[in-house]
S.K.: 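Input: one structure, supplied below.
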Amino acid sequence: QLQLVESGGGLVQPGGSLRLSCAASGFTLDYYAIGWFRQAPGKEREGVSCLSTDGGNTNYAGSVKGRFTISRDNAKNTVYLQMNSLKPEDTAIYFCAAEDRALLTRTCTLSRNYDYWGQGTQVTVVS
């Protein structure tokens, strides 16, 4: 059974860092497009970052570019989201998602393109 499990969320002060993990079981992540998404209360889910199947290129939302980094450890079948210089507006539930269809870099941040989702991990940035 294909499963994604996020971890690493928590409470952090502005300017702090967190590293989210997305561990996969039941399939091999390196053949999938992977996306990180977030949803704040009262807001729509938005794409944060992704790894495409198009050469493994990355894409980032403008609001996190330069602060967040997505990476993959194939040996651990895990994808990470390193989040630095966190801001209160980064507060949300963060989800990882996987898709076995080919997703290009320009489309891999669109949530509608993903079939497999984790349960989410809460990130709260507050003074």
Side-chain angles (χ1 to χ4, degrees):
Q1 182 179 357
L2 191 151
Q3 190 174 17
L4 295 168
V5 179
E6 302 96 333
S7 61
L11 183 68
V12 65
Q13 292 185 337
S17 298
L18 286 173
R19 188 178 78 160
L20 305 183
S21 299
C22 173
S25 59
F27 68 108
T28 302
L29 269 179
D30 53 344
Y31 298 118
Y32 285 66
I34 303 296
W36 280 101
F37 298 84
R38 66 187 181 186
Q39 189 164 18
K43 296 188 177 181
E44 293 187 355
R45 188 170 298 186
E46 65 169 336
V48 174
S49 182
C50 61
L51 282 163
S52 73
T53 55
D54 180 20
N57 292 325
T58 59
N59 196 0
Y60 295 92
S63 59
V64 307
K65 196 171 293 185
R67 300 189 297 123
F68 290 11
T69 303
I70 190 171
S71 62
R72 189 204 314 257
D73 185 333
N74 290 337
K76 295 183 178 180
N77 212 27
T78 299
V79 173
Y80 302 99
L81 184 68
Q82 177 67 44
M83 306 187 296
N84 298 328
S85 302
L86 283 161
K87 304 175 181 181
E89 53 263 42
D90 295 318
T91 295
I93 301 174
Y94 284 71
F95 301 88
C96 66
E99 177 55 45
D100 58 357
R101 294 179 297 120
L103 291 182
L104 300 178
T105 307
R106 67 177 184 270
T107 60
C108 66
T109 55
L110 300 177
S111 60
R112 66 175 183 266
N113 288 332
Y114 290 84
D115 285 336
Y116 307 106
W117 291 84
Q119 83 290 346
T121 185
Q122 176 71 47
V123 171
T124 304
V125 185
V126 64
S127 299

S.K.: Measure the CG-CG distance between Asn113 and Leu104 for me, rounded to the nearest 0.5 Å.
M.R.: 9.5 Å

S.K.: Heavy atoms, side chains only, cut-off 4.5 Å: are Asn59 and Ser52 in contact?
M.R.: no

S.K.: With the side chain counted from C-beta on, respond yes when Ser71 and Gln82 share a heavy-atom pair under 4.5 Å apart, and no when they do not.
M.R.: no

S.K.: How long is the straight-line distance from CG of Asp100 back to OG1 of Thr53, given to the nearest 0.5 Å?
M.R.: 10.0 Å

S.K.: Quick test of your reading: applying ring-ring contact (aromatic ring centres under 6.0 Å, His included), list the pairs with at least one residue in residues 51-81, sequence neighbours left out, ordered by first then second residue.
M.R.: none

S.K.: Apply side chain to side chain contact (heavy atoms under 4.5 Å, CB included) to the pair Cys22 and Trp36, showing each step before the final yes or no.
M.R.: CA-CA 9 Å; Cys22 173; Trp36 280 101; 3.6 Å; yes

S.K.: Identify whether Ile70 and Leu103 are in the same connected component of the hydrophobic contact network (ILVMFWY, side-chain heavy atoms under 4.5 Å).
M.R.: no

S.K.: Please tell me whether Val12 and Met83 are part of a single hydrophobic cluster in this structure, the criterion being side-chain heavy atoms less than 4.5 Å apart.
M.R.: yes

S.K.: Go through it in stages, so that I can follow the logic: the residues are Leu81 and Val48, the test is side chain to side chain contact (heavy atoms under 4.5 Å, CB included), and I'd like the CA-CA distance, side-chain angles, deciding distance and then a yes or no.
M.R.: CA-CA 9 Å; Leu81 184 68; Val48 174; 4.2 Å; yes

S.K.: Above 12 or not: heavy atoms from other molecules or residues under 6.0 Å from CZ of Arg112?
M.R.: no

S.K.: If you round to the nearest 0.5 Å, how far is SG of Cys96 from CD1 of Ile34?
M.R.: 7.0 Å

S.K.: Just so I know, are the side chains of Leu4 and Glu6 near enough to count as touching, which here means a heavy-atom distance under 4.5 Å?
M.R.: no

S.K.: Are Leu2 and Leu51 connected in the hydrophobic side-chain network, where two residues link if heavy atoms are under 4.5 Å apart?
M.R.: yes

S.K.: Look up atom CZ in Arg45 and atom OG in Ser111, then write down how far apart they are to the nearest 0.5 Å.
M.R.: 6.5 Å

S.K.: CD of Gln13: more than 12 outside heavy atoms within 6.0 angstrom?
M.R.: no

S.K.: Measuring from Arg101:CZ to Thr107:OG1, what's the distance to the nearest 0.5 Å?
M.R.: 8.5 Å

S.K.: Whether the side chain of Thr78 engages the backbone of Lys76 through a donor-acceptor N/O pair (distance < 3.5 Å, no angle test) should be reported.
M.R.: yes

S.K.: Say whether Tyr94 and Tyr116 are linked into one hydrophobic cluster, either directly or through other cluster members, by side-chain heavy-atom distances under 4.5 angstrom.
M.R.: yes

S.K.: Under the rule for ring pair (Phe, Tyr, Trp, His ring centres under 6.0 Å), what residues qualify as partners of Phe37, not counting sequence neighbours?
M.R.: Tyr114, Trp117

S.K.: Can you tell me how far CD of Gln119 sits from OG of Ser7, rounded to the nearest 0.5 angstrom?
M.R.: 8.5 Å

S.K.: Is there a side-chain contact between Thr105 and Thr58, using heavy atoms and a 4.5 Å cut-off?
M.R.: no

S.K.: So, do Asp30 and Arg72 sit near enough that their side-chain heavy atoms are less than 4.5 Å apart?
M.R.: yes

S.K.: Heavy atoms only: give me the nearest Asp115-Glu99 pair and the separation to one decimal.
M.R.: N-OE1, 3.0 Å

S.K.: Could you pull out all residues at least two apart from Phe95 that satisfy ring pair (Phe, Tyr, Trp, His ring centres under 6.0 Å)?
M.R.: none

S.K.: Does a side-chain heavy-atom distance below 4.5 Å link Pro14 with Val125?
M.R.: yes

S.K.: For the pair Asn77 (side chain) and Ala24 (backbone), establish whether a donor and an acceptor sit closer than 3.5 Å, ignoring hydrogens and angles.
M.R.: yes

S.K.: Quick one: which of Asn74, Asp73, Leu20, Leu29 gives a side chain to side chain contact (heavy atoms under 4.5 Å, CB included) with Val79?
M.R.: Leu29

S.K.: Flag the pair Thr91 / Val126 as yes when at least one side-chain heavy-atom distance between them is below 4.5 Å, and no otherwise.
M.R.: no

S.K.: Between Ser63 and Arg38, which heavy-atom pair has the shortest distance, and what is it?
M.R.: OG-NH2, 3.4 Å

S.K.: Does Gln39 use its side chain to pair, donor to acceptor, with the backbone of Lys43 at less than 3.5 Å?
M.R.: yes

S.K.: Any Lys/Arg nitrogen of Asp54 or Arg106 sitting under 4.0 Å from an Asp/Glu carboxylate oxygen of the other?
M.R.: no

